[in-house]
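Structure record follows, encoded as structure tokens.
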Amino acid sequence: MPATIHERRRPTRKRHLPSVGPVGGEAQRSRRRRAEALPGLFALDAAAAAAACLVSGLTHGRWIVPLVVSVVWLICLGVQQAYGRGCHTGTEERRRVLRAAGMVVAGVGVIWWFTSFDQAARDGLATVVVATALTIVFRHVRRRGHPSVQRILIVGPAKSSAELISKIRRSNGCGFLVVGACLTDPAHAGEVTARGVPVLGGASDAAHAVHQSGPDAVVAMPCPELDAGRLRALSWQLQGENIELMLAPVLGDVAAGRIGVQMVAGMPLLRLRAPNLSRSARIPKTITDRLLAVVALLVLSPLLLCIAVVVRLDSPGPVLFRQRRLGYGGRAFTVLKFRSMYQGAEKRKAELAHLNQNHEGLLFKIADDPRVTRSGSVLRRYSLDELPQLLHVAAGKMSLVGPRPLSAQASAYTEEMKRRLLVKPGLTGLWQVSGRSNLSWQESLHYDLSYVENWSPSLDLKILLRTVSVVVRGTGAY
């Protein structure tokens, strides 16, 4: 009979578990850290509410409504679980704060509707707006100074567990720290331990591993071994420890906005909404891209002229490098970039093929490429060589944000790669802000496909903001 989660472990099994501290010690310390963090967070929100009350009271000369709304504001934050588990990322934290603000605004609206106290309604709305803004700002500053990290224990197959660990490591600031793994296939533990995460036994050892590692949550990866019975039993055990159970879906890289839950015969089914790839939905994006590109070209024209002069003086050859790439719908166009290599660099690919760090894809990347000029190394580090592509954005052939435009050799594209052509290529993109040239070909393709599947205006804005930081630091550029 296969072992179950409830099965009593024999003493000999415990010898094979890594010693990571006394049993229960980490769990107690983790609970103590969470308990100590709550008063400080509540005090911060109370300060924001008091400041909002003070601003509204001094502005309007009335204090009763701002005082009442400030107290209700703190209550609504508690109702929306703004102090609860799972509120570890900036996005989720803001969502809960805004939901609390919606509750207060709705309450003020109902009272105004039945009483017609216009002054009281204005005072209440002003207090809510200031309290919401201050709460978000205060929490953001606190999170930057004291990052809130959720410790997780992974249960599942070694391969998918290792992939999740790698994704978390690449996503800096995602708010998760992997403290251990319990594998359904312990024979492949090397895939996990190679990433610096201890393996704390098999899937049946999850309950014991919780006491060893003290996680805030357990993440269960999809696999046949973790059937409904085992997951239910594990969830019951975790409830006693006040630890969350998270279930990773079979299909990853799906934005939350595309997922819905529907109950069918007592079973929750995930409804996956198809990505919106219609041209009409992207008209605002196209208009915004072209306007911003024109403005950027006008503002940056002195810099573009200076770079052109430096490139021309640094080495013989044309200022611009031209190459055919595939764009939206598989249509080829000529990409313009500032030349960052010596003339004849394309002809030297064969002799440098053994140095190529991207053998499995269409990219040809060498960390210390001998073909790069002195000015070219600087241009590449800060992505200044890409600036002429603003002309393509202004012409509507490219977007500010999108997948990287690749070689025009359509015959080399797999079906998976062809999905990149459903949107316009971009000047920057998800892969550029997630590691750039430090990523493997498969990782780069993964990020491009994730962008295509989950595009939204908010994702574009997030990528543009992250691009500034990545370019300034020169992360992964060569």
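Computed over heavy atoms, backbone and side chain alike; hydrogens, waters and symmetry mates excluded. Quick note: residue numbers are just sequence positions, from 1.
Of the possible donor and acceptor atoms, one in the side chain of Arg420 sits under 3.5 Å from a partner among the backbone N and O of Arg404. A donor-acceptor contact shorter than 3.5 Å is absent between the side chain of Asp216 and the backbone of Gln150. Checking side-chain atoms of Ser469 against main-chain N and O of Arg466 turns up no donor-acceptor pair under 3.5 Å. In this structure a side-chain-to-backbone donor-acceptor pair under 3.5 Å is present from Arg325 to Pro405. For the pair Tyr451 (side chain) and Val401 (backbone), a donor-acceptor distance under 3.5 Å is present.
Using modelled atom types and a 3.5 Å distance limit, the side chains of Asp314 and Tyr342 yield no donor-acceptor pair. Looking only at atom types and distance, the side chain of Ser315 has a donor-acceptor partner in the side chain of Arg339 under 3.5 Å away. Between the side chains of Arg151 and Ser213, not a single donor N or O lies within less than 3.5 Å of an accepting N or O.
For the side chain to side chain donor-acceptor pair (under 3.5 Å) with Thr334, the qualifying choice from Arg322, Gln323, Arg324 is Arg324, the only one to do so. The only option from Val197, Val155, Thr184, Val192 that meets the side-chain contact (heavy atoms from CB on, under 4.5 Å) definition with Ser161 turns out to be Val192. Put simply, the residue from Leu134, Ile136, Val129 that forms a side-chain contact (heavy atoms from CB on, under 4.5 Å) with Thr132 is Ile136.
More than 12 heavy atoms of other residues, nucleotides or ligands sit less than 6.0 Å from atom NZ of Lys337.
The structure places CE of Met398 at 6.5 Å from NE2 of His392, a figure rounded to the nearest 0.5 Å. Thr286 OG1 to Tyr328 OH: the interatomic distance, rounded to the nearest 0.5 Å, is 9.0 Å. Atom CG of residue Leu464 and atom CG of residue Leu427 lie 9.0 Å apart, to the nearest 0.5 angstrom. A distance of 14.5 Å separates OG of Ser450 from CH2 of Trp455, quoted to the nearest 0.5 Å. Interatomic distance, Leu384 CG to Ile307 CD1, rounded to the nearest 0.5 Å: 4.5 Å. Atom NE2 of residue His211 and atom CD1 of residue Ile243 lie 7.5 Å apart, to the nearest 0.5 angstrom.
Considering only residues two or more places apart in sequence or on other chains, Thr193 meets the side-chain hydrogen bond (donor to acceptor under 3.5 Å, both in side chains) condition with none of them.
A 4.5 Å side-chain heavy-atom check between Val452 and Pro403 finds at least one atom pair inside the cut-off. Residues Trp73 and Val97 have side chains in contact (heavy-atom distance under 4.5 Å, counting atoms from C-beta outward). Taking the side chain as every heavy atom from C-beta outward, Lys285 and Lys424 never approach each other to under 4.5 Å.
Minimum interatomic distance between Ala248 and Pro222 (heavy atoms only, all atoms of both residues): O-CD, 3.4 Å.
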Would you sort out whether Leu379 and Val310 count as a side chain to side chain contact (heavy atoms under 4.5 Å, CB included), showing the intermediate values? CA-CA 10 Å; Leu379 295 179; Val310 170; over 6 Å; no

Working note: Tyr413 + Leu326, criterion side chain to side chain contact (heavy atoms under 4.5 Å, CB included); need CA distance, chi angles, decisive distance, verdict. CA-CA 10 Å; Tyr413 279 57; Leu326 285 189; 3.8 Å; yes

Can you list the steps and then say if Lys167 with His446 is a side chain to side chain contact (heavy atoms under 4.5 Å, CB included)? CA-CA 11 Å; Lys167 289 180 180 179; His446 160 81; 4.2 Å; yes

Apply side chain to side chain contact (heavy atoms under 4.5 Å, CB included) to the pair Leu430 and Ile463, showing each step before the final yes or no. CA-CA 6 Å; Leu430 193 56; Ile463 292 173; 4.1 Å; yes

Salt bridge (Lys or Arg N to Asp or Glu O under 4.0 Å), that's the test. Do Arg419 and Asp448 meet it? Break it down for me. CA-CA 9 Å; Arg419 285 198 66 81; Asp448 280 344; over 6 Å; no

I'd like a table of donor-acceptor pairs (distance under 3.5 Å, sequence neighbours excluded) in which one partner is a side-chain atom from residues 287-295, with atom names and distances.
| unit_1 | atom_1 | unit_2 | atom_2 | d |
| --- | --- | --- | --- | --- |
| Thr288 | OG1 | Pro284 | O | 2.8 |
| Asp289 | OD2 | Ser399 | OG | 3.3 |
| Arg290 | NE | Ala394 | O | 3.0 |
| Arg290 | NH2 | Ala394 | O | 3.4 |
| Arg290 | NH2 | Ala395 | O | 3.4 |

